[in-house]
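Structure, as structure tokens:
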Number of protein chains: 2
Amino acid sequence: MPDTAGEREESLDVIERELTAFARRARAAAARLHPELPLVSYTLLSHIDDRQGCRATDLAAHYMLDKSTVSRQIATLEKLGLVERHPDPTDHRIQVLHPTEAGTQALASTQASRHAAYQQRLAEWTADDLARFAEYLLRYNAAGGASTPGTGTPL
Amino acid sequence: MPDTAGEREESLDVIERELTAFARRARAAAARLHPELPLVSYTLLSHIDDRQGCRATDLAAHYMLDKSTVSRQIATLEKLGLVERHPDPTDHRIQVLHPTEAGTQALASTQASRHAAYQQRLAEWTADDLARFAEYLLRYNAAGGASTPGTGTPL
DNA sequence: ATAGGAGAGTTGTAAAAGCCAACCATTGGA
DNA sequence: TCCAATGGTTGGCTTTTACAACTCTCCTAT
């Protein structure tokens with residue numbers, strides 16, 4: 001495998017194509033995985049659980065979503081009894097978000113099936129390959145933060 | 001790096017988390033990347049260009065989309081003058097898809113900015129790492145097809 | 001031949017998820 | 001004290017998708 005410019009280009013193309021394909025499939029797959037809990041809500045709920053006491057604005061920023069979108073998602077989650085909103089005593093603009101007992105449970109069950117799916121899918125891989133793949137993904141995602149905001153928005 | 005079960009689990013967790021993170025951000029990022037060409041259509045157009053003469057069903061299968069979704073997307077692309085449909089002479093059920101001249105051009109310009117984004121993002125990577133990452137992604141995505149249909153829908 | 005099933009696409013309908021803009025309430029300085 | 005900034009909600013609208021019912025074409029087994 002020579003380190004030529006051509007090889008590089010080719011790998012880049014493959015990465016671009018496959019990541020895109022993955023992104024396209026992800027939604028469909030995730031939607032089926034747990035129809036009870038509306039995909040996006042799951043994502044947000046997961047984040048709320050992760051960083052207990054976060055605010056709607058945090059979610060919007062982290063996922064590049066509009067305020068209004070998050071607002072409605074939260075409303076849905078609350079209606080489903082999965083999250084609670086407590087007004088911040090020190091600042092009455094803020095709503096502090098927490099998962100309810102039911103929310104924590106729903107999350108656990110969803111995470112379980114997700115984990116099982118991955119486990120099955122990657123069953124054939126060697127531990128070494130898994131480790132390297134994991135490392136590459138980490139590296140790829142970590143690169144996202146900085147860069148020139150105006151220029152190319154990396155996928 | 002010992003080949004223990006613990007290592008394996010850890011890698012799995014990372015992969016799961018990072019792929020999910022990628023998927024969540026992908027849409028927002030992709031939407032901003034090239035607002036002219038309706039994002040989803042871009043994906044399909046790209047595939048059509050890649051495998052000239054593919055059918056709508058191929059697209060649906062590859063991206064896990066419903067027939068109807070693809071049908072409408074194609075219709076849009078055709079209305080925009082970016083793809084042409086030719087009836088297959090040997091089988092009148094089939095519509096063979098080809099990009100038009102305009103389609104090829106639109107694609108080229110979009111691909112250019114996407115490619116630039118990836119190039120920038122992966123600039124630091126060695127050719128070897130890129131090659132391996134590409135291979136892993138291929139392997140990961142390829143695994144999707146078979147598996148037990150009823151069981152866990154892998155992300 | 002021919003009836004029935006499988007495959008490719010289209011259309012009707014409904015829902016999810018997103019954005020933008022206008023809006024209200026609170027807060028923390030000039 | 002007034003006013004810009006911050007957090008959140010609501011209204012209106014578009015895009016993207018799925019499911020189901022339907023048409024048309026092809027193939028195969030009787």
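Since the model is a prediction, treat every value here as computed from it, not as a measurement. First the proteins, then the strands, lettered A, B, ... as listed; each starts at 1.
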* To do: Could you tell me whether A/Asp66 contacts a base, only the sugar-phosphate backbone, or nothing, with contacts defined as non-hydrogen atoms closer than 4.0 Å?
  => base

* Taking OP1 and OP2 of C/dC19, is either one under 4.0 Å from a side-chain nitrogen or oxygen of A/Ser68? -> no

* Would you say a side-chain N or O of A/Ser71 is under 4.0 Å from OP1 or OP2 of D/dT9? -> yes

* **A/His115 versus A/Gln119, side-chain donor and acceptor atoms under 3.5 Å** => yes

* Grab the OH-P distance between B/Tyr63 and D/dT17 for me, whole Å please. => 12 Å

* Asked: Taking the side chain from B/Ser11 and the backbone from B/Glu7, do they hold a donor-acceptor pair closer than 3.5 Å?
  -> yes

* Asked: Does the side chain of B/Thr57 get closer than 4.0 angstrom to OP1 or OP2 of C/dG9 through an N or O atom?
  -> yes

* Select one nucleotide: of C/dT26, C/dA8, C/dC19, the one nearest the side-chain heavy atoms of A/Thr69. => C/dC19

* What is the distance, rounded to the nearest whole Å, between atom CG of A/Leu77 and atom P of C/dA16? -> 13 Å

* **Gap between atoms CE and P, on A/Met64 and C/dG18 respectively (whole Å)** => 13 Å

* Structure fact -> Among the nucleotides C/dG9, D/dG8, C/dT27, whichever has the atom closest to the side chain of A/Asp91 is C/dT27

* May I ask you to decide whether A/Arg139 forms a salt bridge with B/Asp129, counting only side-chain N to carboxylate O separations under 4.0 Å? => yes

* **Rounded interatomic separation in angstrom, taking NZ from A/Lys67 and C1' from C/dA21** => 10 Å

* Whole angstrom is fine here: how far is it from CZ in A/Arg85 over to C1' in D/dT9? => 9 Å

* Tell me what B/Leu65 touches on the nucleic acid: a base, only sugar-phosphate, or nothing, going by heavy atoms under 4.0 Å. => sugar-phosphate

* Quick one: is B/Arg93 getting a side-chain N or O under 4.0 Å of the D/dC24 phosphate, OP1 or OP2? -> no

* Respond yes when some side-chain nitrogen or oxygen of B/Gln73 is under 4.0 Å from OP1 or OP2 of D/dT15, and no when none is. => no

* Atom pair distance, as rounded to whole Å: CZ in A/Arg55 and C1' in C/dA25 -> 16 Å

* Got a donor-acceptor pair under 3.5 Å from the side chain of A/Arg72 to the base of D/dG12? -> yes

* To do: Rounded to the nearest angstrom, tell me the gap between atom NE2 in A/His62 and atom P in D/dG7.
  => 17 Å

* Asked: Any cation-pi pair here, B/Arg132 with A/Tyr136, using under 6.0 Å and within 45°?
  -> no

* **Spacing of B/His92 atom NE2 relative to C/dG7 atom C1', expressed in whole Å** => 15 Å

* Go through the side-chain N and O atoms of A/Gln73 and A/Ser41 and say whether any donor and acceptor fall under 3.5 Å apart. => yes

